[in-house]
Amino acid sequence: MNTIYDTESLEEFRRRNAIQPHRMKLFYNALFKHSKGWNEALGTLPEAARSDFETGIQFQCLELVERHDSEVDGASKLIFKTHDHHLIESVVLRPKTGRTSICISSQVGCACYCSFCATGKMGFTRNLTQAEILDQVTQSNRMIQPEGRTIRNVVFMGMGEPLLNIDHVFSAVEFLRAAPFFNLSDSRITVSTVGIPKAMERFVETFPKMQLALSLHSARQEVRQRMMPQARTFPLERIRETLVAASRHGKVMIEYLMLAGVNDREEDFLALEKYLKGLPVHINLIPFNEYPGSNLQGTPLEQRAEFSARLKAAGFDVTLRYSMGSDIAAACGQLVQHKQKEALL
Ligand code: SF4
């Protein structure tokens, strides 16, 4: 069935119902700019066309099955169910300073098997479609509309490796930035990757002003391989070439999850400093949300702060991140994993 994200089919519906373009604009505004429900959006169309739209177009393709609101920092973790009964996660973030953001999933599970990630332990099931990726944003917008909020930042940092689902992710990104739909500026969309050079190059060529984030996590090849098996295929030297090319269009975000005794020692600092020297990057130092089934521990705050101060002293832009939603298992894949276990009991 066609979805509300299927622009070509919607254009056919418009033509066959002889709807004026300005009425269609009202319909799209209701759905994507004002976060209205299906009936209200249908109400913007001529009466004679409504039943055709109602029966031929699917309003939402995910079912929201759980919502967990953090009591600590205003994050909301959402679990959606796909039509074939798979669970995926999104996290809405309401930072006190800054815009409302959403971290969305691009795959069911993930084939990258990063050692620190709950999603990586699930294995890979399938890619999400463009509509399933976008529906996380649309439904979250409707959820937060009574708060007077709208999603202003979209980050592809949830379940899955976005650049291994490149076609659907690219078409979702096109929809997010398109003026008639979400109309987000390029700088408000971030795609995060474990580092797949050819796909990163394609991303930068297609969307030069969009944010690219590299999950680096270590500048030492052997440590990185232990943390992220994908690193065996794409060594650090190759990824650095890609970073050089990407940084011609602006700063690249570097994600660095700090794990005690794994990537937070003196040799790790020195390797990171050397690897990123001369590149216009912004480094995010991320705390680890510990979860059952993982024997890893996060670097204590004091040590993270010192690591951050030393990077700043070396001339880098650094943000020391604090854990958001730690009381609601907001790290990627944790809640779905928990829910899957519940279902087995
Ligand atoms: S961190 Fe990202 S790429 Fe790695 S396993 Fe988890 S979801 Fe996949």
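For this chain, numbers begin at 1 and follow the sequence in order. Counting starts at 1 for both ligands and their atoms, following the listed order.
In summary, no N, O or S atom of Cys110 is located under 2.8 Å from atom 4 (Fe) of ligand 1.
For the residue pair Val262 and Val223, the shortest heavy atom distance occurs at O-CG1, 3.5 Å.
The CG atom of Leu259 sits 7.0 Å away from atom OG of Ser115, with the distance rounded to the nearest 0.5 Å.
Test Phe53, Phe59, Phe181 against Phe27 for ring pair (Phe, Tyr, Trp, His ring centres under 6.0 Å) and you get one pass: Phe53.
Residue-ligand proximity, Gly120 to ligand 1, at heavy-atom distances under 4.0 Å covers atoms 5 (S). Below 4.0 Å from some heavy atom of Tyr113 lie the following atoms of ligand 1, by number and element: 5 (S). The Cys114 neighbourhood of ligand 1 comprises atoms 1 (S), 4 (Fe), 5 (S), with distances under 4.0 Å to a heavy atom of that residue. Every atom of ligand 1 is numbered from 1 in the order shown, and the set under 4.0 Å from a heavy atom of Val194 is 3 (S).
Here the shortest heavy-atom distance to atom 1 (S) of ligand 1, taken over Ala111, Cys117, Ser105, belongs to Cys117.
Checked for salt-bridge contact, Glu11 and Arg14 meet the test: a charged N lies under 4.0 Å from a carboxylate O.
The aromatic rings of Tyr5 and Phe32 are tilted relative to each other, their planes meeting at an angle between 30° and 60°.
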